[in-house]
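Worksheet: the structure to be examined is printed underneath.
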Amino acid sequence: MKKLINTADSVVEDALNGMAAAHPSLLVRDRVVYRAEGPRAGKVGLVSGGGSGHEPLHVGFVGYGMLDAACPGEIFTSPVPDQIIDATRAVDGGAGVLHIVKNYTGDVLNFEMAAELVEDVRVASVLIDDDVAVQDSLYTAGRRGTGATLFVEKMAGALAEAGAPLDQVALVAGEVDERSRSFGIALTSCTTPHAGKPTFDLPDSDVELGIGIHGEPGRARGPMVSARELAGAAMEAIHGDLPLRGDLLVMVNGMGSTPLMELYIVFAEVAAFVKGKGARVARSLVGNYVTSLDMQGFSVSVCLLDDTLTRLWDAPVETPGLRWGR
Amino acid sequence: MKKLINTADSVVEDALNGMAAAHPSLLVRDRVVYRAEGPRAGKVGLVSGGGSGHEPLHVGFVGYGMLDAACPGEIFTSPVPDQIIDATRAVDGGAGVLHIVKNYTGDVLNFEMAAELVEDVRVASVLIDDDVAVQDSLYTAGRRGTGATLFVEKMAGALAEAGAPLDQVALVAGEVDERSRSFGIALTSCTTPHAGKPTFDLPDSDVELGIGIHGEPGRARGPMVSARELAGAAMEAIHGDLPLRGDLLVMVNGMGSTPLMELYIVFAEVAAFVKGKGARVARSLVGNYVTSLDMQGFSVSVCLLDDTLTRLWDAPVETPGLRWGR
Amino acid sequence: MEADVFVAWFEAAARMVHDERDRLTRLDAAIGDADHGTNLDRGLTEVRAALDGSPPETPGQVLATAGATLIRRVGGASGPLYGSVFRQMAKSLESPVTLAGFAAAFEDGVVALERLGKAVPGDKTMVDALTPASRALALAVRDGVGVREAFRQAARAAEEGAKATIPMQARKGRASYLGERSVGHEDPGAASAALFMAALASVVA
Amino acid sequence: MEADVFVAWFEAAARMVHDERDRLTRLDAAIGDADHGTNLDRGLTEVRAALDGSPPETPGQVLATAGATLIRRVGGASGPLYGSVFRQMAKSLESPVTLAGFAAAFEDGVVALERLGKAVPGDKTMVDALTPASRALALAVRDGVGVREAFRQAARAAEEGAKATIPMQARKGRASYLGERSVGHEDPGAASAALFMAALASVVA
Ligand SMILES: Nc1ncnc2c1ncn2[C@@H]1O[C@H](COP(=O)(O)OP(=O)(O)O)[C@@H](O)[C@H]1O
Ligand SMILES: Nc1ncnc2c1ncn2[C@@H]1O[C@H](COP(=O)(O)OP(=O)(O)O)[C@@H](O)[C@H]1O
Ligand SMILES: [Mg+2]
Ligand SMILES: [Mg+2]
Ligand SMILES: [Mg+2]
Ligand SMILES: [Mg+2]
């Protein structure tokens with residue numbers, strides 16, 4: 001393992017210190033990342049969080065138009081209730097707080113515990129479960145939350161910024177999740193600092209299809225083929241679950257160690273696929289946004305837009321990881 | 001080699017198609033990336049370029065407040081004069097064109113040839129040579145252009161946008177280069193699509209110190225140590241060449257496959273170093289901006305700011321790779 | 001059983017989990033996200049520190065401290081789940097603590113876990129180690145077996161339960177995403193649950 | 001020498017560079033950026049296509065086409081440098097082409113290269129293969145040696161010149177960044193220059 005770290009135990013702490021040093025707009029306190037300017041009276045607060053190792057998600061999405069606070073756990077480990085409780089209390093501007101929770105047992109349990117304990121704040125929560133690689137059935141923990149989390153944080157954030165009440169922000173957040181699907185493919189495993197070696201072995205001839213964002217192996221192993229074929233596999237999985245139509249928001253997301261050039265190559269194929277289905281890429285994002293440490297690979301996330309969602313996507317945002325309009 | 005590509009021969013073409021599909025604000029024609037809206041009358045045009053494999057540099061920095069056109073060559077190969085000639089003619093709004101050239105023999109020769117051949121356009125050029133790893137002497141091709149290229153493109157771009165004449169834009173561009181220094185460290189080699197295997201071998205116990213951005217080995221090999229020590233080595237090299245003082249613009253840049261979390265860990269150490277020298281991180285940038293395909297590692301670039309440069313840095317920019325203020 | 005037995009339990013568990021940390025993480029790497037050993041080691045180190053800091057006076061206080069600390073420090077799925085086992089035990093346990101009382105409280109703890117995680121036996125989770133352990137304790141009480149032997153049987157049952165997760169296909173937690181690929185691997189949470197029970201047995205050995 | 005000899009020269013060079021592409025790239029990987037083989041192969045493939053497309057009538061036209069195509073298609077350092085050699089040769093060459101005329105034009109080409117790249121012998125560049133080749137041609141002319149033997153001697157001199165770059169420390173181009181670490185490796189541009197001369201020798205063999 002070769003990583004730019006000091007010790008395996010201090011990676012989260014050290015990285016948060018770096019974020020605080022780099023971004024005066026952020027405040028880092030007790031393992032929670034806040035907007036430095038604090039809560040705005042009357043605005044619904046947005047809190048998310050999850051294991052670390054997915055940067056810029058979530059900590060890099062704190063700021064105007066997105067999150068009010070993010071609770072980073074240890075590497076790939078959901079945050080603990082204390083962090084979520086602190087964050088929830090701190091960002092409440094009187095209009096209540098939305099918890100944006102990716103559907104993993106750990107995230108769900110810890111956010112639930114926290115929500116129960118902050119009786120003094122009105123809390124709603126939305127569960128993100130966009131990963132079509134997982135069958136949503138009695139035989140799984142349900143679909144994982146992956147790339148669509150960014151869509152929800154952005155759009156719900158814009159709505160909250162515009163002054164919408166908690167129930168409406170929660171409703172739209174849920175709608176964004178429902179209209180979004182993702183699928184990921186890994187070319188390599190990642191290496192967690194504590195394990196010190198790759199989570200799984202993958203020969204040069206193979207890829208993992210249907211991965212999540214925690215370095216887990218995927219649903220199946222397949223042959224390493226061209227960008228066109230890999231993009232096709234991801235898009236078929238998405239299209240098979242939610243037929244593509246109309247205006248789409250499309251994200252081609254890198255898993256952390258995939259160069260931007262390769263993501264653009266994938267995006268070209270994704271765009272061609274979308275066109276082939278008679279739909280339209282109305283908005284797009286290409287880059288490393290929802291990552292899995294140093295994994296090589298990509299995921300595609302698609303959201304079926306309507307006018308409202310497009311407006312919410314286009315609204316100004318000012319965070320370390322996503323910024324436009326200001 | 002495991003890459004998201006179709007064929008080694010088509011990587012640049014395919015990636016440019018992806019960029020064009022992802023960014024309606026860009027126009028890709030004959031291997032040149034332009035702002036879609038074309039030149040603005042009276043504005044100095046900014047043209048840069050170089051080998052591909054450094055994305056987002058340069059193609060991702062085309063847009064309001066930065067470049068008017070970028071000429072991507074093959075992987076790690078400077079563009080050819082035809083591209084530069086096309087770009088120079090196309091972006092001239094009557095006020096002349098600045099060529100921003102990184103100091104590599106290939107880049108210099110091809111830009112020079114192009115400049116000689118476009119007699120119909122007033123061309124000035126600035127040479128970027130910020131890499132302190134290379135001794136600037138008769139015994140080298142001179143210092144390489146690396147991270148400071150982004151600073152120059154941003155600040156000269158802002159000045160051009162503000163309507164400054166060519167000689168002034170060129171002057172300030174040169175000044176930014178003179179006030180900037182960089183140093184890079186590789187944890188792994190990169191793999192070019194054509195070579196298909198790593199450019200150099202590096203055991204887990206070692207790093208390459210003083211690398212450029214083309215996968216070349218560095219000036220020396222050293223032991224793999226902590227982020228603190230590696231950041232310290234980079235900062236000592238910079239500080240030894242240009243003593244840090246006053247307000248600094250500091251970029252901690254990933255070489256392409258280094259996760260953001262690790263870059264923040266490095267940034268924390270860099271910020272501590274700067275503080276220790278009595279200087280101040282006034283502006284910063286953390287991310288993969290001037291990359292070397294899938295290399296793991298980082299570089300630090302520092303620019304000594306003054307009020308003018310700070311204002312130019314803060315001015316609005318709207319490109320795929322860098323965006324704020326609009 | 002006095003408070004010191006319970007303190008000793010968590011100290012032994014902390015030691016054993018620390019020693020087995022890499023094995024637990026490796027198990028989690030195979031069908032999860034490679035953090036279970038680190039998670040529990042971190043949590044139990046904190047439990048130890050909390051118990052050292054202000055030694056509780058009653059078994060219930062020990063369990064309550066352990067449960068709360070695990071919830072406050074572990075995160076992930078296992079933090080709340082283990083935490084809820086011990087917090088429920090703390091609530092259920094009557095003093096003085098007898099084997100029967102312990103077994104009943106333990107059963108309550110497992111039920112609380114099942115309720116929180118919505119897992120049932122056969123889902124390939126820690127439940128598959130803890131329910132056999134609970135049943136072994138109940139049988140020991142019924143059969144009038146001594147504490148030492150009862151805990152040993154519980155440990156054995158937990159260990160067997162953990163091993164029995166190997167052929168199972170996961171239906172809960174992260175391993176469920178793997179579908180059939182989860183078959184053939186021991187569940188890391190079941191393995192750590194077996195360590196908890198082995199620690200208990202070691203305390204009264 | 002007629003145009004067809006020059007066409008054959010570039011066809012042979014294209015073939016040889018294509019066959020040696022990976023070796024050139026490997027040499028460039030050691031002290032450069034691993035693109036020299038790909039660069040030249042791409043360029044010479046284009047030269048071939050250009051010569052096939054509209055076969056030039058004079059040696060000068062062949063050289064001019066080759067030079068311009070290399071400049072338009074190679075990029076990097078080697079594109080403009082090789083391009084300038086052949087463009088200068090095209091300008092200098094007088095018809096009919098004699099060995100003496102060829103040698104003089106070649107010398108002019110090398111001088112143009114040196115002027116453009118500001119490299120001198122010993123800097124560990126293609127100059128270190130091309131200047132000995134040029135000298136060999138001049139000596140052959142002086143000694144009245146035949147074309148075939150003259151080209152063979154030039155090829156040998158270029159090859160020796162290329163090998164002589166191995167112990168040199170680079171002072172120009174990308175390899176110069178490596179300082180002392182550039183010692184011990186053959187310069188890729190010198191190696192490809194030797195191929196150009198070998199191609200020339202093969203044409204009149
Ligand atoms: N719903 C559940 N009910 C019971 N146990 C569960 C459940 N989900 C997960 N577990 C247990 O948690 C263990 C994983 O713990 P850990 O790795 O610490 O958390 P995470 O899965 O969040 O990374 C699994 O091996 C399993 O035994
Ligand atoms: N200034 C120079 N003068 C002469 N030859 C040079 C000079 N700089 C580089 N070269 C030659 O160019 C070769 C490298 O070519 P190539 O790899 O195609 O370009 P780049 O270095 O731009 O990647 C070197 O091996 C060397 O022989
Ligand atoms: Mg986890
Ligand atoms: Mg090159
Ligand atoms: Mg886990
Ligand atoms: Mg090269």
Side-chain angles (χ1 to χ4, degrees), chain A residues 1-7 11-12 14-23 52-53 55-56 60 187-188 204 207 224 226-228 230-231 252 256-272 281 284-286 288 291 293-294 296-298 318 320-321 323-326, chain B residues 1-7 11-12 14-23 52-53 55-56 60 187-188 204 207 224 226-228 230-231 252 256-272 281 284-286 288 291 293-294 296-298 318 320-321 323-326:
Chain A
M1 176 186 62
K2 234 170 170 180
K3 286 184 189 295
L4 294 167
I5 64 175
N6 291 314
T7 65
V11 284
V12 176
D14 291 350
L16 290 177
N17 284 339
M19 285 204 81
H23 305 292
S52 291
E55 293 67 30
L187 305 196
T188 66
D204 261 11
V207 298
M224 173 68 194
S226 68
R228 181 162 310 137
L230 293 176
V252 168
S257 278
T258 292
L260 192 52
M261 165 181 264
E262 296 181 35
L263 299 178
Y264 275 118
I265 291 174
V266 171
F267 187 83
E269 304 301 337
V270 167
V281 177
S284 68
L285 209 55
V286 181
N288 286 282
T291 61
L293 290 172
D294 57 350
Q296 281 181 27
F298 71 100
E318 183 175 349
R323 184 165 177 182
W324 54 74
R326 8 195 300 162
Chain B
M1 175 185 64
K2 233 169 172 181
K3 285 185 189 295
L4 294 168
I5 64 175
N6 292 315
T7 66
V11 284
V12 176
D14 292 349
L16 289 177
N17 285 339
M19 286 204 79
H23 305 292
S52 292
E55 293 68 31
L187 306 196
T188 65
D204 262 10
V207 298
M224 173 68 196
S226 68
R228 181 163 309 137
L230 293 176
V252 168
S257 278
T258 292
L260 193 53
M261 165 180 263
E262 296 180 35
L263 299 178
Y264 276 119
I265 291 175
V266 170
F267 187 83
E269 303 301 337
V270 167
V281 176
S284 67
L285 209 54
V286 182
N288 285 282
T291 62
L293 290 173
D294 57 349
Q296 280 180 29
F298 72 99
E318 182 175 350
R323 184 166 176 181
W324 57 73
R326 1 193 308 159

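Naming: A, B, ... by sequence-line order, numbering from 1 per chain.
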Given side chains that start at C-beta, do those of A:Leu230 and A:Phe298 come closer than 4.5 Å, heavy atoms only? yes

Part of B:Asn288 within contact of chain A (heavy atom distance under 4.5 Å): neither

Pick from B:Thr7, B:Leu187, B:Val281 with the largest number of heavy-atom pairs that fall under 4.5 Å of chain A: B:Leu187

Taking side chain as everything from C-beta outward and backbone as N, CA, C, O, which of these in A:Glu318 sits under 4.5 Å from a heavy atom of chain B? Side chain, backbone, both or neither. neither

Could you have a look at B:Ser226, B:Gly60, B:Gly321 and say which one has the most heavy-atom pairs with chain A under 4.5 angstrom? B:Ser226

Is it true that a side-chain atom of B:Ser52 and a backbone atom of B:Val12 form a donor plus acceptor pair closer than 3.5 Å? no

How about A:Glu55 and B:Pro259: do any of their side-chain heavy atoms sit closer than 4.5 Å? no

Could you walk me through whether A:Ile5 and A:Asp14 pass the side chain to side chain contact (heavy atoms under 4.5 Å, CB included) check? CA-CA 8 Å; A:Ile5 64 175; A:Asp14 291 350; over 6 Å; no

Proximal component of B:Ala271, with respect to chain A [non-hydrogen, under 4.5 Å]: side chain

Most contact-rich option vs chain B, by heavy-atom pairs under 4.5 angstrom, among A:Asn17, A:Leu16, A:Val11, is A:Val11

By a 4.5 Å heavy-atom criterion (distance strictly below it), what part of B:Val270 contacts chain A: side chain, backbone, both, or neither? neither

Within this structure, what is the NZ-CD1 distance for the pair B:Lys3 and A:Ile265, rounded to the nearest 0.5 Å? 9.5 Å

If you apply the rule side chain to side chain contact (heavy atoms under 4.5 Å, CB included), what do you find for B:Thr291 with A:Leu260, and how did you get there? CA-CA 9 Å; B:Thr291 62; A:Leu260 192 52; over 6 Å; no

Less than 4.5 Å apart, any side-chain heavy atom of A:Asn6 and any of B:Glu269? yes

What's the separation between atom CD in B:Glu262 and atom NZ in A:Lys2, rounded to the nearest 0.5 Å? 12.0 Å

Structural part of B:Ser257 lying under 4.5 Å from a heavy atom of chain A: both

Check whether A:Val252 gets within reach of chain B through its side chain, its backbone, both or neither, counting any heavy atom under 4.5 Å. neither

Residue part contacting chain B, namely of A:Arg323, when any heavy atom lies under 4.5 Å: both

Is it the backbone or the side chain of B:Met224 that comes under 4.5 Å from a heavy atom of chain A, or both, or neither? side chain

I'd like to know whether A:Phe267 forms a ring pair (Phe, Tyr, Trp, His ring centres under 6.0 Å) with B:His23, so could you lay out the CA-CA distance, the side-chain angles of the two residues, the decisive distance to 0.1 Å, and finally the verdict. CA-CA 11 Å; A:Phe267 187 83; B:His23 305 292; 7.9 Å; no

Shorter than 4.5 Å, heavy atoms on both sides: which option in B:Arg326, B:Met1, B:Gln296 has the most such pairs with chain A? B:Arg326

Interchain contact, B:Arg228 with chain A, by part (heavy-atom threshold 4.5 Å): both

